[in-house]
Amino acid sequence: MNKEQNTIMNKKILLPIFLIASLQNSFASNITKPVSSQFGFIENKGQIIDQNNQLNPSVLYLYNGNGLHVQLKQVGFSYEVWKQKPLSNSPQNRENPTALGDKVGPSIGKSPLRGDFEGLDSVFIHRIDISFLNANQHAKITSSDVAPDYINYYTTGTSEAGVTNVHHYKKVLYQNIYNNIDVEFVLNDENNCGGFKYNFIVYPGGNVNDIQLKFDGANATSLTNDGHITIETAYGNIDESLPLTYQLDANNNQQTITASFINSSPLGSLGGATYGIAVGKYDATKTLVIDPWATYYGDSGFERGYAIAVDSSRNSVITGETTSTSGIATTGAYQTSYGGNTDAFIAKFNAAGVHQWATYYGGSGHDYGYAIAADGSGNIVITGYTSSTSGIATTGAYQTSFGGTDDA
C-alpha cells in the first residue's frame with residue numbers, strides 16, 4: 001500500500017505532511033507549513049531529528065507557536081526564535097542564502113524542526129536553553145488532555161512507513177522536579193490566544209528556594225526593577241515574569257502572594273545567568289502555585305521591546321519599535337495602521353499573559369518608544385523620540401508642531 005492509499009484509508013483525522021528537520025545555519029527550500037500552536041505539545045515518537053538527520057530523543061515534546069518554539073526536555077526546556085528572509089529572484093541569492101546580508105552568530109543553536117519556513121531563502125534561528133538547576137534527573141513526566149486527532153509524519157529522517165499516530169496534548173507535567181515541587185506546562189488557550197505558560201506547584205514540604213533556572217545561549221539576561229527576566233536574543237527580547245502567584249485554601253480559593261525573580265548566580269561565576277524566585281509571606285502548610293508566562297510579540301518585520309511596566313492589577317504593558325505592517329495593533333486601538341518607516345508600539349497583557357490590546361504610535365518617519373509607566377487607574381504614558389512631522393501631537397497639546405531632526 002502506498003502512502004496516498006494509506007492516507008485515504010486511515011479513519012482518523014490526518015493533517016498535511018510536515019517537514020521536521022534541524023537547523024544550524026540558513027537554508028533554501030520549499031517547505032510545508034507547520035503544526036500550528038493550537039495543537040499544543042506534540043510528543044516525539046521519532047519524527048524529530050537533528051542537523052545530521054539522526055533521531056533527537058532529547059526533545060520529549062514540541063510546541064510550535066507564532067514566532068516561538070518550545071522544546072520540552074528531561075530537566076528543562078528551550079526557546080527558539082528566528083529571523084527569516086523572503087525568497088529573492090536573484091540567482092545569486094538563490095545560490096547563496098547569506099547573500100541577503102545576515103550572518104549566523106555563535107549563539108545560534110540547533111533546531112529540531114524545519115516546518116514553518118515555507119517560501120523562504122534563509123532562516124536564522126537562535127535557541128535559548130533553560131535548565132532546572134540541581135533538579136531531579138529522573139522526574140516522572142506525564143501528558144494529559146490529549147487531542148482527539150493525531151499527526152502522521154512522512155519526512156526526512158523517517159522510514160518509508162513514516163512516523164504515525166503522533167499525539168498532542170494540552171498539558172505536560174514534571175512530577176517532583178524538586179522535592180515536593182512539580183512544574184506544569186499548559187496550553188494557554190484562554191480567549192484563543194494560542195500561547196503557553198508553565199506553573200511551579202509547591203506542595204507542603206517543598207522549598208521555593210530550590211527552584212533555580214539557568215539560562216544558556218542568550219546574548220544576555222538581566223533582571224528588571226519589577227523582578228522580570230529580560231532574555232536578549234539575536235532577533236528580539238523575551239520577557240519572563242511572575243504575574244500571578246497564589247495559594248489555595250481549604251476551599252480551593254486563591255490568595256494572591258507576591259513573587260519575583262531574583263538573581264541567584266554567585267558573583268562572577270555564571271555571568272548572572274541563574275535565577276531563583278522570591279515570594280512573600282505564605283502558609284507553608286498549603287499549596288503554592290507560581291504561574292509565570294512568556295510570549296514572543298511581533299510579525300514579519302523587526303520588533304524591539306525597550307521597556308515594560310506592571311500596573312496595580314498586575315497587567316504588563318510594553319513599548320518599543322516595530323516595522324511590521326500588520327499583526328501588532330488590535331481592532332479599535334488608538335492607531336490600527338502602520339505609519340511607516342518605524343513605529344512605536346504599546347501592548348498590554350493581563351496577569352495570566354493573555355493579550356488585551358495593542359496600538360501603533362507614529363507617523364511617516366521613525367518613531368521609537370523607549371520608556372513606559374502605568375498608574376493605579378490604568379493610565380499609560382510612554383516617552384521616546386520621533387522624526388515624524390505629523391501623527392504624534394494631539395490638538396491643544398503643549399507643542400503641536402515638529403521641531404526638526406528628532407523630537408521627543
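Every value quoted in this text rests on a predicted model; they were computed, and no experiment measured them.
- We find the OG-CD1 distance between S264 and I262 to be 6.0 Å, quoted to the nearest 0.5 Å.
- Atom CD of E303 sits about 10.5 Å away from atom OG1 of T342, to the nearest 0.5 Å.
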Does K73 form a side-chain hydrogen bond (donor to acceptor under 3.5 Å, both in side chains) with S78? I'd like the steps, not just the answer. CA-CA 8 Å; K73 303 175 182 179; S78 298; 3.1 Å; yes
From CA spacing to verdict: side chain to side chain contact (heavy atoms under 4.5 Å, CB included), I48, L62: CA-CA 9 Å; I48 297 177; L62 182 64; 4.1 Å; yes
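- Closest of all the heavy-atom pairs between Q47 and T155 is O-OG1, 4.3 Å.
- The aromatic rings of H167 and Y150 sit perpendicular, their planes meeting at an angle over 60°, well past the 30° parallel limit.
- N152 places a side-chain N or O within donor-acceptor distance of the main-chain N or O of N165, the cut-off being under 3.5 Å.
- Closest non-hydrogen pair, A374 versus A309, comes out as N-CB, 4.2 Å.
- For T400 (side chain) and A397 (main-chain N/O), no donor-acceptor pair under 3.5 Å exists by modelled atom type.
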Using the side chain to side chain contact (heavy atoms under 4.5 Å, CB included) rule, take L223 and I229 through it: C-alpha gap first, then chi angles, then the decisive distance, then the call. CA-CA 5 Å; L223 201 64; I229 302 172; 4.2 Å; yes
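- For the pair S131 (side chain) and L133 (backbone), a donor-acceptor distance under 3.5 Å is absent.
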Do K348 and I318 pass the side chain to side chain contact (heavy atoms under 4.5 Å, CB included) test, and can you show the C-alpha distance, the side-chain angles, and the key distance before you say yes or no? CA-CA 7 Å; K348 181 178 180 179; I318 62 173; over 6 Å; no
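- Between F345 atom CZ and D367 atom CG the span is 13.0 Å, to the nearest 0.5 Å.
- Aromatic ring pairs are classed by plane angle as parallel below 30°, tilted from 30° to 60° and perpendicular above 60°; the pair Y370 and Y368 is parallel.
- Between the side chain of Q335 and the backbone N or O of G362, at least one donor-acceptor pair lies under 3.5 Å.
- Aromatic pair Y334/Y360: centroids not less than 6.0 angstrom apart.
- Closest non-hydrogen pair, D299 versus I328, comes out as N-CD1, 4.4 Å.
- Between F132 and F185, the ring-plane angle classifies as tilted under the 30° and 60° cut-offs.
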Intermediate values then yes/no, side chain to side chain contact (heavy atoms under 4.5 Å, CB included), N134 and D210: CA-CA 8 Å; N134 302 318; D210 288 342; over 6 Å; no
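- Remark: the backbone N or O of I290 is not paired with any side-chain donor or acceptor of T245 at under 3.5 angstrom.
- For E43 against Y169, the heavy-atom pair with the smallest separation is OE1-OH, 3.8 Å.
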For E321 and Y306: C-alpha separation, side-chain torsions, deciding distance, then whether side-chain hydrogen bond (donor to acceptor under 3.5 Å, both in side chains) applies. CA-CA 8 Å; E321 63 171 292; Y306 290 127; 2.3 Å; yes
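- To the nearest 0.5 Å, the span separating CG on D343 from OG1 on T325 amounts to 10.5 Å.
- Side chain of N176 to main chain of A139: no donor-acceptor pair is present (N/O by atom type, distance under 3.5 Å, no hydrogens or angles).
- Within the 3.5 Å criterion, the main-chain N or O of H228 finds a donor-acceptor partner in the side chain of T224.
- Residues I277 and F261 have side chains in contact (heavy-atom distance under 4.5 Å, counting atoms from C-beta outward).
- Note that the OH atom of Y246 and the OG1 atom of T287 stand 10.0 Å from one another [nearest 0.5 Å].
- For N379, the CG atom is densely surrounded, since the number of other residues' heavy atoms within 6.0 Å is greater than 12.
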For Y61 and S143, what are the C-alpha separation, side-chain angles and deciding distance, and is it a side-chain hydrogen bond (donor to acceptor under 3.5 Å, both in side chains)? CA-CA 9 Å; Y61 294 88; S143 51; 3.2 Å; yes
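- In this structure, OG1 on T221 lies 12.0 Å from CD1 on I238, to the nearest 0.5 angstrom.
- The aromatic rings of F41 and Y63 sit tilted relative to each other, their planes meeting at an angle between 30° and 60°.
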Is there a salt bridge (charged side-chain N to carboxylate O under 4.0 Å, His left out) between D129 and K214 once you walk through the steps? CA-CA 8 Å; D129 297 323; K214 184 175 183 294; over 6 Å; no
Could you go through the side-chain hydrogen bond (donor to acceptor under 3.5 Å, both in side chains) check for S58 and Q74 one step at a time? CA-CA 7 Å; S58 67; Q74 183 65 41; over 6 Å; no
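- Within 6.0 Å of NZ on K140 lie no more than 12 heavy atoms contributed by other residues, nucleotides or ligands.
- Side-chain contact, Y361 with T319: no donor N or O sits under 3.5 Å from an acceptor N or O.
- Between the side chain of D182 and the main chain of I201, no donor-acceptor pair closer than 3.5 Å is present.
- Between the side chain of T233 and the main chain of H126, no donor-acceptor pair closer than 3.5 Å is present.
- Nearest heavy atom pair, residue S316 against residue I308, reads CB-CD1, 4.3 Å.
- Here the closest heavy-atom approach between residue A259 and residue V279 is recorded as CB-CG1, 3.9 Å.
- With hydrogens and angles disregarded, a donor-acceptor distance shorter than 3.5 Å links the side chain of T323 to the backbone of F302.
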